[in-house]
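Every value quoted in this text rests on a predicted model; they were computed, and no experiment measured them. Sequence lines set the chain letters: A, B, ... in the order given, protein chains first and strands last, and positions in each chain run from 1.
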2 protein chains.
Amino acid sequence: MDGRHARGIHTRRVTLARAVDLATVSGLDGLTLGGLAADLRLSKSGIFAHFGSKEELQLATIAFAEEIFTEHVLRPAFQMPRGKPRLLALFERWMAFSRGRVFTGGCFFSAVTAEFDAREGRVHDVVVEWRQVWMDLLQRLASEAVEEGHLPEDTDVAQLAFELNAFGRAANHDGVLTNANIHYDRALTAIRARLGESGGVSQQAREPGVDDR
Amino acid sequence: MDGRHARGIHTRRVTLARAVDLATVSGLDGLTLGGLAADLRLSKSGIFAHFGSKEELQLATIAFAEEIFTEHVLRPAFQMPRGKPRLLALFERWMAFSRGRVFTGGCFFSAVTAEFDAREGRVHDVVVEWRQVWMDLLQRLASEAVEEGHLPEDTDVAQLAFELNAFGRAANHDGVLTNANIHYDRALTAIRARLGESGGVSQQAREPGVDDR
DNA sequence: GGAGTATTCGAACGATCGGTCAAATAGTGT
DNA sequence: ACACTATTTGACCGATCGTTCGAATACTCC
């Protein structure tokens, strides 16, 4: 009744899934209608018809990546108790997400924010918006950890969010660049230390993926 | 006598200078012979003749960026005394380099390592090499700081280098993405804290550039 | 100043880019 | 089964990509 057939919806999802993965390797700008079409054994115009322009394809790809990120990282983390456990779980899930190569090129947003940081246009604007939502989330979880008494009262949550995010992104980039997993361990070590955890390596969330090095 | 004329050398340098700057905005892959030529009011084939292929242009651009980075960041930092002062100065210079927009899109290497982390080929390999040299340098300066007694004997210098580098790269990306300077301050705050500096904001190295926010 | 070479240019190549459009096909609702 | 529409296709557009090449220009050295 809404003018959409099941076939079209499926094709769109398959296309976006491939687009997200390709974008983590070649960049969101490196996406090409022709390449995507050849990869999926569809016609270029068939794919084009779903989005109407390359920019719309890029924006739809970002939205699709958000869904997957939410499913793999945010939703599981929010099943942990409010406060430090939830904050820590968020980063453990994030690192597992990148390490497990859910996307070939690691974390989609780490790649795309770096790609579009200095550009202009709608894609850049959406990326800036997403970053703000992400940083607000980190800051909120940090604040909740303070409220729960898991972190000192005088914690600068904005500063803390910056530092934790820095560790996560560095691990993602270095992990993909060198194809080694030690960077993820370094990030989690730094994150736990910054959150005042003294213990050793805890039970880590893991995605199946490349071997450790 | 070596078969090179002054005119050609100058053109090559001017071309590479523009290429480095463009690459920090549109990426090293976003560089185009035609765009570069139009920008410099030269012919496309004239520019091409200097490099022989786009890949060689990309590699030459990386080498040129190294020179500039060395001049603006490494050389000044090495004028500071061995140990913590030199290590700290390296990051202060790096942040001033990005903040001052010596290149329109901030730090060249932060952008390029993110762009090529998941790709293959000679450019990727050179980027990986560069990253290793950079991380080795950070680790060496940290080790010297330990030797000088400026850092605890049991410091994990590899872990320290990872964390400091993470702060710097995050500041660069966030600074360019949001066009705000607070991220550079956050990075320097984090770096000084991690190095055990308790004091307030010291005399910072600054490049002329965008206003603070 | 003239020989010789380094540099630059302009025209052109095939390939691919994002995008358009009319026609063919597949799916839905009655 | 039929009408209607969503989907997909293939041929094609102008622009631009990296690259080639022969000719014109600018420089250096004797």
> Going 5' to 3' along nucleotides 9-21 of chain D, which nucleotides have protein heavy atoms under 4.0 Å from the base (write B), which only from the sugar-phosphate (write S), and which from neither (write -)?
BB------SBBBB
> Can the positive tip of B:R119 be found less than 6.0 Å from the middle of the six-membered ring of B:F116, inside 45° of the ring normal?
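Yes - B:R119 lies over the ring of B:F116, closer than 6.0 Å to its centre and within 45° of its axis.
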> Using atom types as modelled, flag every donor-acceptor pair under 3.5 Å from a side chain in residues 156-164 of chain B to any protein atom, sequence neighbours excluded.
{"from": "B:D156", "atom 1": "OD1", "to": "B:A158", "atom 2": "N", "distance (Å)": "3.3"}
{"from": "B:D156", "atom 1": "OD1", "to": "B:Q159", "atom 2": "N", "distance (Å)": "3.1"}
{"from": "B:Q159", "atom 1": "NE2", "to": "A:R186", "atom 2": "O", "distance (Å)": "2.9"}
{"from": "B:Q159", "atom 1": "NE2", "to": "B:E163", "atom 2": "OE2", "distance (Å)": "2.8"}
{"from": "B:E163", "atom 1": "OE1", "to": "B:R194", "atom 2": "NH1", "distance (Å)": "2.6"}
{"from": "B:E163", "atom 1": "OE2", "to": "B:R194", "atom 2": "NH1", "distance (Å)": "3.0"}

> Hydrogens and angles aside, do A:H72 and A:R93 bring a side-chain donor and acceptor to less than 3.5 Å of each other?
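Distance-only check fails for A:H72 and A:R93.
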> If you compare every side-chain N and O of A:H50 against the phosphate oxygens of D:dT8 (OP1, OP2), does one of them come in below 4.0 Å?
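Indeed, a polar side-chain atom of A:H50 lies that close.
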> Check the distance between D:dC27's P and B:H5's NE2 and give it to me in whole angstrom.
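Rounded to the whole Å, the gap is 10 Å.
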> Let me know the distance between CZ of A:R4 and C1' of C:dG27, rounded to the nearest Å.
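Distance, rounded to whole Å: 15 Å.
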> Should the pair B:R122-B:D125 be classified as a salt bridge under the 4.0 Å nitrogen-to-oxygen rule?
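Between B:D125 and B:R122 there is no salt bridge, as every charged N stays at least 4.0 Å from the carboxylate O atoms.
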> Rounding to a whole Å, what distance do you find between A:H10:NE2 and D:dT8:C1'?
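Going from A:H10 (NE2) to D:dT8 (C1'), I get 15 Å.
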> Among C:dG27, C:dT8, C:dT7, which nucleotide sits nearest the side chain of A:R7?
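Nearest nucleotide to the side chain: C:dG27.
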> Give me the one residue out of A:F91, A:Y184, A:F69 that meets ring-ring contact (aromatic ring centres under 6.0 Å, His included) with A:F97.
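Only match with A:F97 under ring-ring contact (aromatic ring centres under 6.0 Å, His included): A:F69.
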> Output the rounded distance in Å from CG (B:L40) to C1' (C:dT8).
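The distance from CG of B:L40 to C1' of C:dT8 comes to 14 Å, rounded to the nearest Å.
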> Once you round it to whole Å, what is the distance between P of C:dG18 and CZ of A:F51?
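Rounded to the whole Å, the gap is 13 Å.
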> Please confirm whether B:W130 and B:F108 have ring centers closer than 6.0 angstrom.
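No, the ring of B:W130 stays outside the 6.0 Å limit from the ring of B:F108, centre to centre.
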> For A:I9 and D:dT8, give me the distance from atom CD1 to atom P, rounded to whole Å.
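Going from CD1 in A:I9 over to P in D:dT8 covers 11 Å.
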